[in-house]
Amino acid sequence: MTKRVAILISGGGSNMVSLAESMTGDHPARPVLVLANDPAAGGLAKAAAMGIPTAAVDHKPFGKDRAAFEDALQAKLEEAQPDILCLAGFMRILTPGFIAKWEGRMLNIHPSLLPKYKGLHTHARALEAGDTEHGCSVHEVTAELDDGPILGQARVPVLPGDTADMLAARVLPMEHKLYPAVLRNFAAGAREPIFIS
Ligand code: GRF
């Protein structure tokens with residue numbers, strides 16, 4: 001049975017594009033919705049151009065009422081009936097209540113070699129620490145931020161003179177390779193982690 005995938009984005013959606021482009025041919029999944037928390041997210045137009053249904057739930061009018069925002073997200077998701085959620089550059093922190101509804105079926109890409117550098121500014125923090133290696137991770141989403149079981153990692157070298165932007169530019173293409181590989185495995189029911197470099 002082909003798995004139905006909803007992709008949640010906040011911005012340009014480069015990871016969303018790499019996921020959607022990978023779900024063709026004998027891939028065990030297909031994208032059924034791209035959902036953004038910002039109606040101006042650049043990724044929405046890219047998804048529409050690929051023929052994927054899109055929707056937006058602007059989080060701003062909900063202010064601090066995360067539960068109400070998530071109820072609106074959930075309503076859009078229930079219309080699309082996905083089996084798997086992929087957070088792809090989705091920058092809202094989800095509550096344990098929402099995560100519990102999708103536990104074991106929700107993935108996230110994070111631009112660090114977890115468990116190092118959970119949260120924001122991962123590239124700058126790796127440079128500050130003097131790391132010689134950096135990268136990205138795909139993990140299952142659990143109630144703890146950036147903490148769930150790791151399903152894949154990709155490594156890149158940190159080079160002399162690197163800035164955070166240079167490091168981000170070296171990591172992003174690896175994200176675009178890693179996330180589709182992990183999703184293909186996950187949609188086929190495999191949970192063995194993937195490591196690429
Ligand atoms: C990526 O580095 C992702 O890991 C992070 O946000 C960045 C933007 O991703 N969460 P995208 O181009 O919007 O997919």
Side-chain angles (χ1 to χ4, degrees), residues 5-23 29 31 33-50 52 54-59 73 82 84-94 98-99 102 106-128 131 133-142 144-158 162-184 186 193-197:
V5 176
I7 307 172
L8 280 70
I9 67 170
S10 294
S14 71
N15 277 291
M16 177 278 296
V17 170
S18 65
L19 288 170
E21 285 177 347
S22 75
M23 287 187 260
L33 177 66
V34 170
L35 178 57
N37 64 291
D38 178 355
L44 290 171
K46 294 175 188 166
M50 299 171 83
I52 304 167
T54 63
V57 176
D58 189 347
H59 69 271
L73 271 187
I84 299 169
L85 298 192
C86 286
L87 307 185
F90 185 73
M91 303 310 278
R92 303 302 296 169
I93 296 177
L94 298 164
F98 181 89
I99 292 169
W102 295 95
M106 184 158 46
L107 308 181
N108 180 43
I109 181 121
H110 183 74
S112 82
L113 294 174
L114 292 171
K116 294 179 94 170
Y117 315 126
K118 297 175 181 180
L120 299 174
H121 315 303
T122 60
H123 310 302
R125 290 157 67 193
L127 287 173
E128 270 153 37
D131 291 357
E133 249 193 344
H134 185 46
C136 54
S137 308
V138 176
H139 63 97
E140 277 188 50
V141 177
T142 54
E144 282 302 308
L145 183 68
D146 300 330
D147 187 63
I150 293 171
L151 297 170
Q153 287 191 319
R155 291 169 184 273
V156 300
V158 178
D162 266 349
T163 63
D165 288 349
M166 290 161 72
L167 204 42
R170 193 170 308 124
V171 170
L172 196 57
M174 298 304 278
E175 295 182 38
H176 299 160
K177 265 203 225 165
L178 179 68
Y179 212 172
V182 170
L183 176 61
R184 179 182 270 272
F186 190 84
I194 293 174
F195 298 100
I196 58 177
S197 50

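All values derive from a computational prediction rather than experimental measurement. Side chains included, hydrogens not; waters and symmetry mates left out as well; all remaining heavy atoms used. When a ligand or atom number is given, it counts from 1 through the structure's own listing order.
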Find all protein N or O atoms under 3.5 angstrom from an N or O atom of ligand 1 and list the pairs with distances, or write 'none'.
residue  : atom   : partner : partner atom : Å
ligand 1 : 2 (O)  : E175    : OE1          : 3.3
ligand 1 : 2 (O)  : E175    : OE2          : 2.9
ligand 1 : 4 (O)  : E175    : OE1          : 2.7
ligand 1 : 4 (O)  : E175    : OE2          : 3.4
ligand 1 : 12 (O) : S14     : N            : 3.1
ligand 1 : 12 (O) : S14     : OG           : 2.6
ligand 1 : 13 (O) : G13     : N            : 3.1
ligand 1 : 14 (O) : S14     : N            : 3.3
ligand 1 : 14 (O) : N15     : N            : 2.9
ligand 1 : 14 (O) : N15     : ND2          : 3.1

Inset, instruction - Given side chain to side chain donor-acceptor pair (under 3.5 Å), test H139 with H110 step by step and report yes or no. - result: CA-CA 8 Å; H139 63 97; H110 183 74; 5.7 Å; no
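- Residues forming a side-chain contact (heavy atoms from CB on, under 4.5 Å) with H176 (at least two apart in sequence, or on another chain): S14, N15, S18, L172.
- For the salt bridge (Lys or Arg N to Asp or Glu O under 4.0 Å) test, no residue two or more places apart in sequence or in another chain qualifies with D146.
- Here the shortest heavy-atom pairing between D38 and A40 reads OD1-N, 2.8 Å.
- Minimum interatomic distance between A20 and M50 (heavy atoms only, all atoms of both residues): CB-CE, 3.6 Å.
- Remark: R155 engages E133 in a side chain to side chain donor-acceptor pair (under 3.5 Å) (not counting sequence neighbours).
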